[in-house]
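Have a look at the structure below, then the notes.
The analysis underlying the following values was restricted to heavy atoms, covering all of them including side chains, and did not include hydrogens, waters or symmetry mates.
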Amino acid sequence: MINLSKVRNSLVLKRVFVNLAENHNPSTSTSFRPISRNPDKFRFYGRKASIGTKNGEKLIEEIEENNSFVEAQDALIDYLHSTSSLQYSDAENISRNSPEFLGKLLKGVQNEKDAKQSLRRLLCYHPINEFEPFFESMGLKPCEYSKLLPRNMMYLTDDKKLLANYHVFCEYGIASNKIGKIYMDAREVFRYEDGCLLSQLESLKAKGFSQASVAKLVASCPNVLVSEDFSKVLEALKNVGIASSWFEEHVLEENSYDWSKILQTFDLLTKFGLNNEDLEELLSKNPLILLEESGATTISLIVYLIKFGASVDDILSMFKQFPEIEIQNFLSNLKNGYHFLLAIDMDVEDAANIIRTHSAVLGSCVLKTVKSLLCALNLGKKRLCDIIKENPRELRNWVLGKKVKALPTLKEKVSQKRSQFLLNLGFVENSDEMSKALKVFRGNAEELQERFDCLVNAGLRPEDVKEMVKIAPQVINQSKEVIEMKIDYLVNDLGYNVSSLVAYPSFLGYSVQKIKFRFAVYNWLVERGKMNSNLALSTVLASSDRVFIRNRVDRDPEGWIVWNKFKKQFFPE
């Protein structure tokens with residue numbers, strides 16, 4: 001036994017000298033004074049020694065408590081191993097990782113000098129419910145496992161299936177304090193017959209995971225053992241080119257995942273028109289789109305944008321530009337950005353339009369407050385509104401932590417650069433044609449030029465693109481990414497030459513869903529011999545649904561059925 005009296009005296013003396021040293025060391029004390037012969041000074045050091053004595057006594061108490069705790073652990077190990085016949089490794093693991101249960105045991109012998117011997121007697125005459133420390137060692141709290149305790153059993157060895165499957169998890173590499181989560185979320189696996197659980201773990205490994213990845217996956221998402229949705233998610237991701245290592249890299253043990261919700265989110269993204277390459281790029285760049293809150297935050301983001309009238313193309317464009325941040329932060333920034341626009345007295349419709357067309361900009365920015373920005377830029381709300389409407393990307397220069405320079409006090413020239421862009425295309429200055437185009441155009445001159453160049457780079461002659469813009473100015477209202485996507489679909493999926501856009505530039509104004517729907521019906525009619533193949537784009541798309549049905553679809557007795565079938569496919573409720 002430790003001589004506590006000697007320990008107490010040595011600790012007190014040590015603490016006194018530590019305090020004296022601290023008072024003589026300028027680097028450790030802000031109130032350093034040289035020692036003087038003033039008796040008051042010595043009385044000061046005497047008081048410090050008194051404080052050290054109290055701290056020493058407190059430390060002695062902690063040592064005594066720790067000794068009792070260790071003795072209690074040893075007593076519980078002896079009981080579980082010798083009396084209950086548990087493997088020594090199990091007994092030791094349970095005893096070392098059930099502090100709350102041990103604390104409860106110690107309360108029963110708190111007045112005894114020899115805690116270990118007293119506990120042995122207590123355990124001998126008062127057997128414990130061994131499931132309590134067992135569940136606690138698995139990482140569960142008393143409030144969690146209290147309802148899980150079996151009513152007709154007290155000894156762990158009576159539940160052979162529980163122990164056998166517990167050992168399977170431990171031997172497979174899952175930490176024992178992580179197994180409690182598995183027990184809570186997938187309790188049925190602990191009732192498996194011998195060999196079944198290991199076979200199930202190995203089946204996950206056979207799908208391309210390493211053993212360490214399986215252990216991590218099961219510890220964080222126990223439902224992978226009992227849910228069919230995980231296999232569906234895995235298959236869906238493999239189909240778009242995402243390997244199993246994606247899970248190993250991005251699935252976190254401290255999180256839980258609902259694979260049915262993740263599957264719903266994935267299906268929703270595919271319905272929005274994202275192809276396999278787009279999905280692979282998107283999910284590789286930002287896996288949180290599926291994993292954050294099991295995709296629920298992503299769905300909330302999509303719903304929020306739809307409330308502002310965002311089209312499928314708008315949402316696709318946003319995802320293609322999505323920054324590498326958490327979805328919740330992106331959504332929060334987007335909402336704060338909308339309130340910022342309203343705070344500078346921007347018209348609600350204009351603010352909604354910016355949310356629709358520049359959601360990637362607003363979602364990636366944590367903006368300064370309106371008051372501080374107006375002061376820094378040295379302008380009023382009206383001019384700030386005009387600047388943002390002309391070029392919403394300017395918001396990226398007004399984020400928190402970025403220095404903002406005051407703008408020169410010039411007369412407002414909202415459409416000057418766009419006017420110059422139109423003049424370069426051949427519009428006559430101040431003409432009705434130019435005025436109409438200015439009203440239709442969305443975006444600044446740089447964006448319009450980028451979209452113009454996109455059409456030229458696709459293989460169209462600059463003079464043809466100019467004529468296209470004059471005929472249908474709205475063709476360059478879409479982002480570069482959306483224009484590229486539609487041209488790619490026109491050429492590679494529909495089989496038309498890019499030059500066909502010259503005769504019918506309005507093709508670029510239709511949504512991807514509308515184009516796919518109309519051409520699906522058209523191709524079916526061609527197969528039925530009701531329409532000729534290789535018709536002009538305008539013949540297929542220009543007429544309204546009512547006219548197309550009357551003149552084309554109704555020619556076939558099954559036309560109306562097929563029309564509704566494709567409509568449900570491309571425009572799900």
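Atom CD of Glu281 is surrounded by 12 or fewer heavy atoms from other residues, nucleotides or ligands within 6.0 Å. Heavy atoms of other residues, nucleotides or ligands lying less than 6.0 angstrom from CD of Glu228 number 12 at most. Counting heavy atoms of neighbouring residues, nucleotides and ligands inside a 6.0 Å radius, atom NZ of Lys207 exceeds 12 of them.
Using a cut-off of 4.0 Å between Lys/Arg side-chain N and Asp/Glu carboxylate O, Asp545 and Lys514 are scored as salt-bridged. Salt bridge status for Asp185 with Lys181: absent, with no side-chain N to carboxylate O gap under 4.0 Å. The pair Asp493-Lys516 fails the salt-bridge criterion, with no side-chain N (NZ, NE, NH1 or NH2) lying under 4.0 Å from an Asp/Glu carboxylate O. Using a 4.0 Å cut-off between a side-chain N of Lys or Arg and a carboxylate O of Asp or Glu, Arg356 and Glu349 qualify as a salt bridge. With salt bridges taken as basic N to acidic carboxylate O contacts below 4.0 Å, one links Asp278 and Lys320. Salt bridge annotation for Lys480-Glu447: absent, with no cationic side-chain nitrogen under 4.0 angstrom from a carboxylate oxygen.
Residues Tyr338 and Phe308 bring their aromatic ring centres within 6.0 Å. Taking the six-membered ring for Trp and the full ring otherwise, the centers of Phe566 and Phe571 sit at least 6.0 Å from each other. Taking the six-membered ring for Trp and the full ring otherwise, Tyr489 and Phe507 have centroids separated by 6.0 Å or more.
The two residues Ser220 and Val251 have their closest heavy-atom pair at OG-CG1, 3.3 Å. A pairwise comparison of heavy atoms in Trp246 and Leu283 identifies NE1-O, 3.2 Å as the closest pair. Heavy-atom minimum distance, Asn276 versus Val240: OD1-CG1, 3.4 Å. Between His250 and Pro287, the closest heavy-atom pair is ND1-CG, 3.3 Å. Minimum heavy-atom separation, Ile179 to Phe190: CG2-CZ, 3.6 Å. Shown here for Gln474 and Ser506, the closest heavy-atom pair between the two residues is NE2-OG, 4.2 Å.
Neither side chain, Asp267 nor Gln264, offers a donor N or O lying under 3.5 Å from an acceptor on the other. The closest side-chain donor-acceptor pair between Ser317 and Gln321 falls under 3.5 angstrom. A donor atom on one side chain and an acceptor atom on the other are not found under 3.5 Å apart for Ser311 and Asp313. Under the 3.5 Å distance criterion, with hydrogens and angles disregarded, a donor-acceptor pair is assigned to the side chains of Thr369 and Ser372.
Taking the six-membered ring where tryptophan is involved, the planes of Phe570 and Phe517 are tilted, since the angle between them lies from 30° to 60°. In this structure, Trp259 and Phe247 have tilted ring planes: the angle between them lies in the 30° to 60° band.
With a 4.5 Å cut-off on side-chain heavy atoms, Val224 and Leu204 count as touching. Between Phe319 and Ile302, the closest side-chain pair of non-hydrogen atoms falls below 4.5 Å. Counting only heavy atoms from C-beta outward, the side chains of Ile487 and Leu508 approach each other to under 4.5 Å. Using a 4.5 Å heavy-atom threshold, the side chains of Lys285 and Phe322 count as separate. Residues Phe230 and Asn223 are not in side-chain contact: their nearest non-hydrogen atoms beyond the backbone lie 4.5 Å or more apart.
Under the 3.5 Å distance criterion, the side-chain polar atoms of Ser213 are left unmatched by any main-chain donor or acceptor of Phe209. Judged purely by atom type and a 3.5 angstrom limit, Asn457 uses its side chain to pair as donor or acceptor with the backbone of Asp453. Between the Asn329 side chain and the Ile325 main chain, no donor and acceptor come within less than 3.5 Å of each other. Side-chain atoms of Glu292 come within 3.5 Å of backbone atoms of Gln328 as a donor-acceptor pair (strictly under, hydrogens ignored). A side-chain donor-acceptor contact under 3.5 Å links Asn239 to the backbone of Glu235. Side-chain atoms of Lys381 come within 3.5 Å of backbone atoms of Ala343 as a donor-acceptor pair (strictly under, hydrogens ignored). At least one donor-acceptor pair under 3.5 Å links the side chain of Glu144 to the backbone N or O of Lys141.
Arg518 forms a cation-pi arrangement with Phe548, by the criterion of a distance under 6.0 Å to the ring centre and an angle within 45° of the ring axis.
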Next on the checklist: Between Val465 and Val502, is the side chain to side chain contact (heavy atoms under 4.5 Å, CB included) condition met? List the steps.
Outcome noted: CA-CA 7 Å; Val465 179; Val502 178; over 6 Å; no
